[in-house]
Amino acid sequence: MEHVVIIGNGISGVTAARHIRKLSDKKITIVSAETDFFFSRTALMYVYMGHMKFEHTQPYEPWFWKKNNINLKKGYVSEINTDKKELFFAEGDTLSYDKLIIATGSKPNKFGWPGQDLDGVMGMYHKQDLENLEKYAPDNTTCKRAVIVGGGLIGIELAEMLHSRNIPVTFLVRESSFWNGVLPAQESAMINREIIENHIDLRLGVNLKEIKSDNNGQVKSVVIAETGEEIECNVVGLTTGVSPNIDFIKDADIETGRGVKVNRYLETNIKDVYAIGDCAEQHEAIGQRRPIEAVWYTGRMMGETVAQTICGNKIEYKPGHWFNSAKFIDIEYQTYGWVWAQPKENEARFYWEHESGKKCIHINYDKKTHEFIGINNFGIRMRHEFFDKILTEKRSVEYVLEHLADANFDPEFYKLHEPEIVAKFNKENNTNIQLKKKSWKRIFSA
């Protein structure tokens, strides 16, 4: 019986295992050094905030794996011998495979700062990070202040987590405005305000110089590079992005760049070895997407795709139109298509912001053809299906605005802003777009 071994039990690896089992009776083993069972990584913050327990983050009951004949092995792979098709574990044992899927995800970036490995310094990616946070920041008596270094999505999540326990937070962001490498200036300014309104000490345009230790090897303070200012703290969160977790592959024959190099079929340069999820790097980027995408839904799609290939139905990985969503403390964010931090030469922009300063939309479209390219939504929920269809059909910005009522996914009792949005576009562009009535039926569940 063919043995498929999957290294990594995140969303990519587990999705691959589930779909291989649906399609075949192959022997499947999932290897992980992190946890016994698969859990939802994006839900870790809610465990710390008291909204759920860790076991609630596990989508499948412990009996699920045995019932579906999926073997789980806890261990750390230290080496892969692709000639003999064998894995070597740090614990000393070995495991043979017929087909291998590398799905080892990401690890938090560290940039060689003095003190970066002290007790009380952590990322916010693994279950072990959550355990460290409970150890070093259970309350504001044990942790009198935390410093977060790096202004991405994980950084703001960690700030919100600590804030929920009334722990004072200083947030060091090297950019001149929060996440302004991704967000246009208006949205970035909105999130700056949201952070500050939540009494988080936001420091823009600054870098970490070093983390200082007390006599017990624990964090005592950080020093800011630009000013030399020393900030006393008990916890430092390093959230300066993530990198593919592939150190154990360096001595194998598998081709790597920043990640494990794969083609459109998620195949590596070695026969019967595949890579999926955050650790996979496309040889050629797909459309405007990055060669490495550390995004939950693309990891899931790669797992589904590689399962088909391994079970004899070889198909290309096609992630479709770019979308993403997140939450910046109390402001929900969705993006569909492409809205760059800076518009390209052929692009025009339309921006509307609510007087509250907590809701906006930003539409990107082609100057000449008026083809819709993308939208950012902040504080207003929009339907994924609507924009997926619009992007596929290459509709115009005018069409999108006419049908904004169909796009809106907010509950019935939410105040609707479509008339105001369309009126602003008409005024700025000397057009006469008429808002069409909603054609999609609202479906309510009790």
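Predicted model, so just to flag it, every value in this text is computed and none were measured.
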- Taking the side chain as every heavy atom from C-beta outward, state whether Ser396 and Tyr365 have any atom pair closer than 4.5 Å. no
- Message: Taking the ring of Tyr336 and the ring of His321, is the distance between their centroids below 6.0 Å?
- Response: no
- Query: Looking only at heavy atoms, which two atoms of Ser12 and Gly277 are closest? And how far apart?
  - Reply: OG-CA, 3.2 Å
- To the nearest 0.5 Å, tell me how far Arg349 CZ sits from Lys367 NZ. 11.0 Å
- Distance in Å, Met161 CE paired with Leu44 CG, rounded so as to fall on 0.5 Å steps: 7.0 Å
- Task: For Arg203 and Thr170, run side-chain hydrogen bond (donor to acceptor under 3.5 Å, both in side chains): C-alpha distance rounded to whole Å, both residues' side-chain angles, the deciding distance at 0.1 Å, then the answer.
- Result: CA-CA 7 Å; Arg203 309 286 189 94; Thr170 296; 5.0 Å; no
- Query: Within a strict 4.5 Å, meaning less than it, do heavy atoms of the Leu23 and Asn313 side chains meet?
  - Reply: no
- Between Glu353 and Arg193, is there a salt bridge with N-O shorter than 4.0 Å? yes
- Looking at the rings of Phe387 and Phe372, which for Trp means the six-membered one, are their centres under 6.0 Å apart? yes
- Task: Look at the side chain of Asp388 and the backbone N and O of His384, then say whether any donor-acceptor pair between them is shorter than 3.5 Å.
- Result: no
- Query: Is any side-chain heavy atom of Ile28 closer than 4.5 Å to a side-chain heavy atom of Ile6?
  - Reply: yes
- Between Asp129 and Met122, is there a donor-acceptor pair closer than 3.5 Å when you use the side chain of the first and the backbone of the second? no
- Can you name the closest pair of heavy atoms from Ala348 and Asn364 and give their distance? O-OD1, 3.3 Å
- Query: Under a 4.0 Å N-O cut-off, is there an ion pair linking Glu134 with Arg165?
  - Reply: yes
- Message: Which residues pass the ring-ring contact (aromatic ring centres under 6.0 Å, His included) test with His163, not counting sequence neighbours?
- Response: none
- Lys/Arg N to Asp/Glu carboxylate O, Glu393 vs Arg395, below 4.0 Å: yes
- Item | Point-to-point distance, once rounded to the nearest 0.5 Å, from CZ of Phe171 to CD1 of Ile195 | 5.0 Å
- Looking at side-chain heavy atoms only, is the closest gap between Phe328 and Met190 below 4.5 Å? no
- Message: Is there a side-chain hydrogen bond (donor to acceptor under 3.5 Å, both in side chains) between Thr431 and Asn426? Walk through the geometry before answering.
- Response: CA-CA 5 Å; Thr431 50; Asn426 281 336; 2.8 Å; yes
- Is there side-chain contact between Glu428 and Lys424, with at least one heavy-atom pair below 4.5 Å? yes
- Query: Looking only at heavy atoms, what is the nearest atom pair of Ala43 and Thr57, with distance?
  - Reply: CB-CG2, 3.8 Å
- Item | Atom pair CG/CD1 of Leu204 and Ile196 - distance to nearest 0.5 Å | 7.0 Å
- With Glu34 as partner, the option from Lys127, Arg41, Lys74, Lys107 fulfilling salt bridge (charged side-chain N to carboxylate O under 4.0 Å, His left out) is Arg41
- Message: Using every non-hydrogen atom in the two residues, find where Ile276 and Ala16 come nearest and quote the distance to one decimal.
- Response: CD1-CB, 4.0 Å
- Short question: side chain of Thr239, backbone of Val149 - any donor-acceptor pair under 3.5 Å? yes
- Task: Start with the C-alpha gap between Ser243 and Asn109, add the side-chain angles, then the distance that decides, and say whether side-chain hydrogen bond (donor to acceptor under 3.5 Å, both in side chains) holds.
- Result: CA-CA 6 Å; Ser243 301; Asn109 287 335; 2.2 Å; yes
- Query: Is a side-chain N or O of Asn324 found less than 3.5 angstrom from the main chain of Thr335, in a donor-acceptor match?
  - Reply: no
- What is the ring orientation for Tyr297 with Phe323, classed by angle as parallel under 30°, tilted 30 to 60°, or perpendicular over 60°? parallel
- For Ile80, the option from Val273, Val5, Ile7 that meets side-chain contact (heavy atoms from CB on, under 4.5 Å): Ile7
- Query: Around atom CD of Gln342, are there more than 12 heavy atoms of other residues, nucleotides or ligands at under 6.0 Å?
  - Reply: no
- Item | Distance, nearest 0.5 Å, that separates CG of Asn432 from CD of Glu398 | 11.5 Å
- Message: Walk me through whether Glu347 and Trp340 qualify under side-chain hydrogen bond (donor to acceptor under 3.5 Å, both in side chains).
- Response: CA-CA 10 Å; Glu347 295 173 350; Trp340 322 103; 3.1 Å; yes
- Task: Would you check, one step at a time, whether the test ring pair (Phe, Tyr, Trp, His ring centres under 6.0 Å) holds for His3 with Tyr97?
- Result: CA-CA 5 Å; His3 186 198; Tyr97 66 85; 8.3 Å; no
- Should Val206 and Thr227 count as side-chain neighbours, where that means a heavy-atom distance under 4.5 Å? no
- Query: Under the 3.5 angstrom rule, does the side chain of Asn376 hit a backbone N or O of His362 as a donor-acceptor pair?
  - Reply: no
- Item | Separation of Asn408 CG from Arg383 CZ (nearest 0.5 Å) | 8.0 Å
- Item | Met124 vs Met45, side chain to side chain contact (heavy atoms under 4.5 Å, CB included): CA-CA, chis, key distance, verdict | CA-CA 9 Å; Met124 192 56 236; Met45 68 181 291; 6.0 Å; no
- Verdict with supporting geometry, Gln282 and Tyr317, side chain to side chain contact (heavy atoms under 4.5 Å, CB included): CA-CA 10 Å; Gln282 287 283 331; Tyr317 167 60; 3.8 Å; yes
- Task: Measure from the side-chain N and O atoms of Asn180 to the backbone N and O of Leu183, and report whether any donor-acceptor pair falls under 3.5 Å.
- Result: no
- Query: Would you call the rings of Trp113 and Phe111 parallel, tilted or perpendicular, where under 30° means parallel and over 60° means perpendicular?
  - Reply: perpendicular
- Query: So is Lys99 actually on top of Tyr274's ring, under 6.0 Å and inside 45° of the axis?
  - Reply: no
- Are the side chain of Glu194 and the backbone N or O of Asp330 linked by a donor-acceptor pair below 3.5 Å? yes
- Query: Which pair of non-hydrogen atoms, one from Asn377 and one from Ile380, has the smallest distance, and what is that distance?
  - Reply: CB-O, 3.3 Å
- Please step through side chain to side chain contact (heavy atoms under 4.5 Å, CB included) for the pair Gln58 and Phe38, ending with a clear verdict. CA-CA 6 Å; Gln58 296 172 343; Phe38 166 57; over 6 Å; no
- More than 12 heavy atoms from other groups under 6.0 Å of NZ on Lys110: yes
- Checking side chain to side chain contact (heavy atoms under 4.5 Å, CB included) for the pair Tyr48/Leu158: CA distance, chi angles, key distance, verdict? CA-CA 10 Å; Tyr48 182 83; Leu158 184 53; over 6 Å; no
- Is there a side-chain contact between Ile70 and Val14, using heavy atoms and a 4.5 Å cut-off? no
- Of the non-hydrogen atoms in Arg290 and Ala285, which two are nearest, and what is the gap between them? C-CB, 4.5 Å
- Item | Heavy-atom side-chain proximity of Tyr351 to Glu187 below 4.5 angstrom | yes
- Message: Could you check whether Phe54 and Phe39 have their ring centres less than 6.0 Å apart?
- Response: yes
- Counterpart residues, salt bridge (Lys or Arg N to Asp or Glu O under 4.0 Å), relative to Lys327 (two or more places apart): none
- Query: Would you call Lys358 and Glu197 a salt bridge, using N to O less than 4.0 angstrom?
  - Reply: yes
